[in-house]
Amino acid sequence: MTERPAPRRPARAGRPVSLTARAAAVARVALGAAAATLLAGCTVIPVSTSGTASGAVASTSISSTPAGASQPGQPSSAAPSPTTAEPSSTAEPLAAASAAATLTEFLDFPDLTPLLVPSPDPEILEPLLDEALTVQDGSVFAAVRDGLTGELLYDQGADTAAVPASAVKVLTAVAALEVLGPDHRYTTTAVGMPAGPEGTAVVLEAGGDVMLGTGANADEANGRAGLGTLALRTAEALQAEGTTGTVSVQLDDSGYEGPTASPDWSSDIVTSGNASAVQPMATYGGRAVPSRDTDRLHDPALYAAEVFRDQLAAHTQTLGLDITLAAETSRVPVESAAAEPTSTESASAESVSPAPASPGTELASVQSAPLSEQMAYMLQTSDNQVAEATGRNLALAAGGPASFAGAAQTIEETLAELEVDTTGMALVDASGLSGKNLVSAAQLTAAMQVATTAPDLEAAVTGLPVAGEQGTLEQRMVGTDAAGNAQAKTGTLSSVASLSGTVQTEDGRTLLFSFVANNQPGVLTNARFAVDRGAVVLAGCGCR
């Protein structure tokens, strides 16, 4: 029976105090009310980020090319951003810069330069985004937040529950990093046990890692834990124990519950290769090789066990062991998989996994890449298999059922504990493949804002693909102000196109955005251009 350990750490008592509030509080004590007022209201003071560490006053002049100018590869419908106005040359910016430098240098306080970077004026930003996000059919729901203060700068149906598609993966990443921790690793184990009077069974215990490699341990996150390495270590352990005779390989992957494909998915999700059976073990996200373009495996856990068996046979032969590997790889019967836990099982959240409990002696094990790296891979490639396994793993760690419903409920509950308003949110999976998922743009930006304030959760934002450079955004927004700047999660279903992430304005202010287009016709080209235009506007925006 699978043991359900407690979460890695207790729920947070509350959101961290914003940097702006902390800076103002310290300034009142150290520099007086006047400096505090400048810091708290500095969203209109443009100052260069250089030179503040030593207390020197930075230049207040900002040179910029008018945003939205024609650039190669920019969508023709991208909305232009206004030319940045010249900043004020009064003494107020100088006083604020000195206050920031003083706090940073003498009070061991975080760099306050971000406080001095201006935030867009919502009244100027609104008409630009209204135009950029215009679509021919359907609706676009949008939210833009100030990444530092959390202030909602733009609201177009921001609180409307909409179908977000793969933007759900951002929520899954935030919840997984909170429950399991960024350094958590999944363990895949080979356990030896008697099998008849003269035989030995090696039971391959699934530990929740669906990014196993087929060969040796690797440097990449996808394939970090290699079945070849596990097989070699297992063969060496059998040699040390003096094992001879027939050895059979069995698979114990009974840690998850419920259907392996969601009843809320379209009927072609599995056949189209968007996902395969959701199981607690797989190679390369349910594929035979590390590629985003290959077909998914029908039974990824059994395939992994067969790869392990073949590798074990090769290594026992190389080592010269008097062992014959049984040709068939089978699953451990359910009643055996529910037997007493092994001595290697732990209730600590650092070792939590959905590994079933098989009686026997551990022979060898391999560990996955840290969860933070797996989440970055999941977000950049939009890997549905990784997302669904992660949802079940975090549900199990939180004490819930490792099922579609259990994962969805745990993600919602975790976000609520992080003080994201989940009113109206309704999740049915962890990947966003279902058109029944409902999340508002405001909730997506709120979740990202929480991630930016907590180092343990930051991989849910820093792991997003970069526009024009990486993952699902490699070919989008190329040559625009957003290229190399915006990091965002794409979302696509038959009538949905979404984009949610972070971007820096031309002044260096970090904004969080979510654009969700629903009820879109055809091939979604118009909707994709619209959400991309929104990100381009923000990247080129001074908007003051």
Quiz item: Could you give the distance from CD (Q385) to OG1 (T283), rounded to the nearest 0.5 Å?
Solution: 10.0 Å
Quiz prompt | D383 bridged to R296 by N-O distance under 4.0 Å | solution = yes
Exercise. Would you mind telling me which of T492, N384, L493, L433 makes a side-chain contact (heavy atoms from CB on, under 4.5 Å) with S166?
Key: N384
Quiz item: Okay, side chain of D155, backbone of G157: is any donor-acceptor separation there less than 3.5 Å?
Solution: yes
Practice problem: With side chain to side chain contact (heavy atoms under 4.5 Å, CB included) as the test, would you mind laying out the steps for L538 and L129 before giving the verdict? | Solution: CA-CA 8 Å; L538 295 178; L129 283 179; 4.1 Å; yes
Quiz prompt | Minimal non-hydrogen separation, A447 against L171, with atom names | solution = CB-CD2, 3.6 Å
Quiz item: To the nearest 0.5 Å, how far apart are OG1 in T502 and CD in Q487?
Solution: 5.0 Å
Practice problem: Decide yes or no on side chain to side chain contact (heavy atoms under 4.5 Å, CB included) for E388 and V210, but give the supporting numbers first. | Solution: CA-CA 10 Å; E388 292 300 343; V210 295; over 6 Å; no
Quiz item: Heavy-atom distance under 4.5 Å between the side chains of L438 and V163, does that happen here?
Solution: yes
Quiz item: Under a 4.5 Å cut-off applied to non-hydrogen side-chain atoms, are L379 and V170 in contact?
Solution: yes
Quiz item: Does any non-hydrogen side-chain atom of K169 lie less than 4.5 Å from one of S382?
Solution: yes
Quiz item: What are the two closest non-hydrogen atoms of P370 and R224, and how far apart are they?
Solution: CD-NH1, 3.9 Å
Quiz item: Does a side-chain heavy-atom distance below 4.5 Å link E373 with Y377?
Solution: no
Self-check item: Side-chain donor or acceptor of S368 paired with backbone N/O of Y186 under 3.5 Å
Solution: yes
Quiz item: Has the side chain of D137 got a donor or acceptor atom that lies under 3.5 Å from a matching backbone atom of Q520?
Solution: no
Exercise. State, with a plain yes or no, whether a side-chain heavy atom of F404 is found less than 4.5 Å away from one of V278.
Key: yes
Quiz prompt | Closest non-hydrogen atom pair, S434 against D264 | solution = OG-O, 3.0 Å
Quiz item: With no hydrogens and no angle check, do the side chains of D429 and N437 hold a donor and an acceptor under 3.5 Å apart?
Solution: yes
Practice problem: Could you verify whether a donor N or O on one side chain and an acceptor N or O on the other, from T472 and T490, lie under 3.5 Å apart? | Solution: yes
Quiz prompt | Backbone of V503 reached by a side-chain donor or acceptor of N485 within 3.5 Å | solution = no
Quiz item: Can you find a pair of side-chain heavy atoms, one from E419 and one from V450, that are under 4.5 Å apart?
Solution: no
Self-check item: R509 side, atom CZ; D146 side, atom CG - distance, nearest 0.5 Å
Solution: 4.0 Å
Quiz prompt | Test: R145 cationic atom under 6.0 Å from Y154 six-membered ring centre, within 45° of axis | solution = no
Quiz item: Looking only at heavy atoms, which two atoms of P164 and V496 are closest? And how far apart?
Solution: C-CG1, 4.3 Å
Exercise. Find the distance between CE (M378) and OG (S431) and round it off to the nearest 0.5 Å.
Key: 9.5 Å
Quiz prompt | Separation of N526 CG from R528 CZ (nearest 0.5 Å) | solution = 11.5 Å
Exercise. Using a 4.5 Å cut-off on heavy atoms from C-beta on, say whether the side chain of E220 contacts that of P290.
Key: no
Exercise. Start with the C-alpha distance between V386 and N222, add both sets of side-chain angles, then the distance that settles side chain to side chain contact (heavy atoms under 4.5 Å, CB included), and finish with yes or no.
Key: CA-CA 10 Å; V386 175; N222 191 23; over 6 Å; no
Quiz item: Does the pair R544 and D507 meet the rule for a side chain to side chain contact (heavy atoms under 4.5 Å, CB included), with working shown?
Solution: CA-CA 11 Å; R544 296 184 306 283; D507 295 315; 2.3 Å; yes
Quiz item: Between M477 and A535, what is the shortest heavy-atom contact and its length?
Solution: SD-CB, 3.8 Å
Quiz item: Once you round to the nearest 0.5 Å, how far does CG of L153 lie from OG1 of T505?
Solution: 10.5 Å
Quiz item: Any idea which heavy atoms bring L125 and C543 closest together, and the distance?
Solution: CD1-SG, 4.0 Å
Quiz item: Does the side chain of F515 reach to within under 4.5 Å of the side chain of D532, using non-hydrogen atoms?
Solution: no
Quiz item: Has the side chain of T172 got a donor or acceptor atom that lies under 3.5 Å from a matching backbone atom of A430?
Solution: yes
Self-check item: T423 and D421 side chains, donor-acceptor separation under 3.5 Å
Solution: yes
Quiz item: Does any N or O in the side chain of E412 come within less than 3.5 Å of the main-chain N or O of L427, such that one atom is a donor and the other an acceptor?
Solution: yes
